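Take a look at the structure below.
Since this is a predicted model, take the numbers as computed values, not measurements. Atoms within a ligand are numbered from 1 in the order they appear, just like the ligands themselves. Just so you know, these numbers use all the heavy atoms, side chains as well, and skip hydrogens, waters and symmetry mates.
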Amino acid sequence: MLVVLTGGTGGAKLVQGLSLEAGPDDLCIVCNTADDFVLHGLYISPDLDTITYTLAGVGDATRGWGVKGDTFAVLEWLGKYGAETWFKLGDRDLATHLTRSRLLREGWRLSQVTERLCRALGVEATLLPMTDDRVETRIVTSDSEISFQEYFVKNRWADKVKKVYFAGAEKSQPVPGLLESIRDARAVVVCPSNPVTSVSPILAVPGIRAALTGTKASVMAVSPIIQGAPFSGPAHKLMAAMGWEVSTYGVAKAYSDFLDVILIGAEDRELKARIEEIGIRAAIAPIHMNSLDDKKRLARQVLDLL
Ligand code: FO1
């Protein structure tokens, strides 16, 4: 199987392309859950939902999250009651959070809930949360400590970040079958997701990084950075806060203990030699994904290289 490590929006584009080009049966998607949080008493898993909705063909591709054509009547009424409305939960999306929260309360594991939601929406690929345990990305700023969604959505990544850490990661365990999937994979693809807040939490779950280093399968990443800037989101700010070089080289370096190949944009061709000096092959390709054709073309390129 092709094992794919991903976060939400950026990764979902490549996941969609890979599902169309490789077929959903061949895909095992390992998804970040450290952006998860509780709001209005509901357990929300934004990255799992983005991947599920995308593969089910019901995702809002323009926003990159939520359900296409969703309405926000419940949110409007929550506002009347003085509840927080900065996180835009749509009416249909809320049905997902209500169902997930109920099943978790009934004792289901997150991986079991995910399988049930995927099946209900007709998703054929295997989607695994990185862990069934609670791991939470915490953003330390100069004067406070906040959750990822407060940093990303509420404060629109304006805070000066001093440190990022993944609370609970050291005590977490990968979901059943995840390490075996990496061990037996025909190839592993790290999506162009935020390397600090989408991929690093997955790597922080004990055993996953070692499985990537140990697998015989070829491990490839698609760079989320081009000419020192991310395609979207605050990866540049967070990489700088981690002391990483904000470039495709910085991404390759962060993954250098397990990465065999990185796909980089032609605009970054002058970094190829530096990347190859640390033992990673750099292949040049158009890595923008602005249309469905782009997603399929990039997926085809990844599959051909693997
Ligand atoms: N991202 C936003 O920028 N603003 C929102 O209001 C927002 C709501 C939202 C609701 C459900 C969901 O599954 C995702 C949502 N996202 C929103 C996206 C999400 O929080 C981030 O893109 C990911 O956590 C980063 O990977």
Side-chain angles (χ1 to χ4, degrees), residues 4-16 29-56 58-76 78-79 83-101 110 113-114 117-118 121 123 127 129-130 134-139 146-159 161 164 166 190-203 224 230-239 289:
V4 181
L5 310 190
T6 187
T9 352
K13 295 181 179 182
L14 184 59
V15 168
Q16 187 183 9
I29 304 153
V30 177
C31 188
N32 173 41
T33 57
D35 294 1
D36 294 11
F37 73 128
V38 174
L39 190 64
H40 314 301
L42 301 174
Y43 187 91
I44 299 165
S45 273
D47 289 359
L48 282 173
D49 291 343
T50 298
I51 300 294
T52 306
Y53 297 154
T54 300
L55 291 178
V58 299
D60 186 314
T62 312
R63 281 198 306 249
W65 49 266
V67 178
K68 187 166 51 183
D70 213 347
T71 49
F72 294 86
V74 174
L75 193 77
E76 198 189 313
L78 281 167
E84 301 197 62
T85 55
W86 51 269
F87 198 76
K88 306 293 179 216
L89 295 170
D91 298 328
R92 294 182 180 91
D93 190 27
L94 273 162
T96 304
H97 311 311
L98 284 164
T99 304
R100 175 185 293 116
S101 305
L110 184 61
V113 176
T114 304
L117 295 174
C118 280
L121 292 182
V123 173
L127 176 59
M130 63 190 198
R134 191 69 193 97
V135 175
E136 196 189 346
T137 296
R138 301 294 298 169
I139 307 284
I146 50 180
S147 71
F148 177 74
Q149 298 301 342
E150 285 170 307
Y151 167 73
F152 186 80
V153 178
K154 190 176 186 183
N155 300 351
R156 299 181 184 279
W157 27 290
D159 303 270
V161 178
V164 178
F166 310 116
V190 183
C191 281
S193 298
N194 186 319
V196 179
T197 51
S198 295
V199 180
S200 290
I202 303 177
L203 302 176
F231 288 111
S232 65
H236 53 310
K237 293 186 169 194
L238 296 166
M239 287 174 76
M289 288 183 283

request  = Ignoring hydrogens and angles, tell me if any N or O in the side chain of E136 forms a donor-acceptor pair with the backbone of D35 under 3.5 Å.
outcome  = no
key: Those atoms of ligand 1 less than 4.0 Å from some heavy atom in Q149   = 20 (O), 24 (O)
ask   = For atom 23 (C) of ligand 1, what's the nearest protein heavy atom and its distance?
value = D47 OD1, 3.5 Å
ask   = Quick one: nearest non-hydrogen protein atom to atom 25 (C) of ligand 1, plus distance?
value = D35 OD2, 3.4 Å
Heavy-atom side-chain proximity of N194 to V199 below 4.5 angstrom = no
task = Evaluate side-chain contact (heavy atoms from CB on, under 4.5 Å) for F148 paired with F37, printing each intermediate quantity in order.
result = CA-CA 9 Å; F148 177 74; F37 73 128; over 6 Å; no
query = Which heavy atom of the protein is the closest neighbour of atom 21 (C) of ligand 1, given with residue, atom name and distance?
reply = F152 CE2, 3.6 Å
ask   = Which residue owns the protein heavy atom closest to atom 6 (O) of ligand 1, what's the atom, and how far is it?
value = K88 N, 2.9 Å
inquiry  = Main chain of A73, side chain of D91: is a donor-acceptor contact present, judged purely on distance under 3.5 Å?
reply    = yes
task = Of the side chain and backbone of R63, name the one, both, or neither that has a heavy atom under 4.0 Å from an atom of ligand 1.
result = neither
task = Specify the protein heavy atom at minimum distance from atom 5 (C) of ligand 1: its residue, its atom name, and the distance to 0.1 Å.
result = W65 CZ2, 3.4 Å
task = Check ligand 1 against T9 and write out every atom of the ligand that is under 4.0 Å from a heavy-atom position of the residue.
result = 22 (O)
inquiry  = Among all the protein's non-hydrogen atoms, which is closest to atom 15 (C) of ligand 1, and how far away is it?
reply    = F87 CZ, 3.4 Å
query = Do the side chains of S147 and I139 get nearer than 4.5 Å, heavy atoms only?
reply = no
query = For ligand 1, is any non-hydrogen atom under 4.0 Å from W86's backbone (N, CA, C, O), its side chain (CB onward), both, or neither?
reply = backbone
message = Just so I know, are the side chains of D70 and D60 near enough to count as touching, which here means a heavy-atom distance under 4.5 Å?
response = no
message = Can you confirm, on distance only, whether ligand 1 has an N/O atom lying under 3.5 Å from any N/O atom belonging to D49?
response = no
ask   = Is there side-chain contact between E76 and T85, with at least one heavy-atom pair below 4.5 Å?
value = no
remark   = Residues L75 and F87: closest non-hydrogen pair is CD1-O, 3.6 Å
ask   = For T96 and D49, does a side-chain donor sit closer than 3.5 Å to a side-chain acceptor?
value = no
ask   = What protein heavy atom sits nearest atom 3 (O) of ligand 1, and how far off is it?
value = V153 CG2, 3.8 Å
inquiry  = If you measure every N or O of H97 against every N or O of ligand 1, does any of those distances drop under 3.5 Å?
reply    = no
message = Taking a cutoff of less than 4.0 Å between a non-hydrogen atom of the residue and any ligand atom, is Y53 in contact with ligand 1?
response = no
N/O donor-acceptor pair under 3.5 Å between T50 side chain and T9 backbone = no
key: Protein contact of atom 13 (O) of ligand 1 - nearest heavy atom, named by residue and atom, plus distance   = P46 CA, 3.4 Å
task = Would you mind running through ligand 1 and noting each atom that sits below 4.0 Å from a heavy atom of D93?
result = 10 (C), 11 (C)
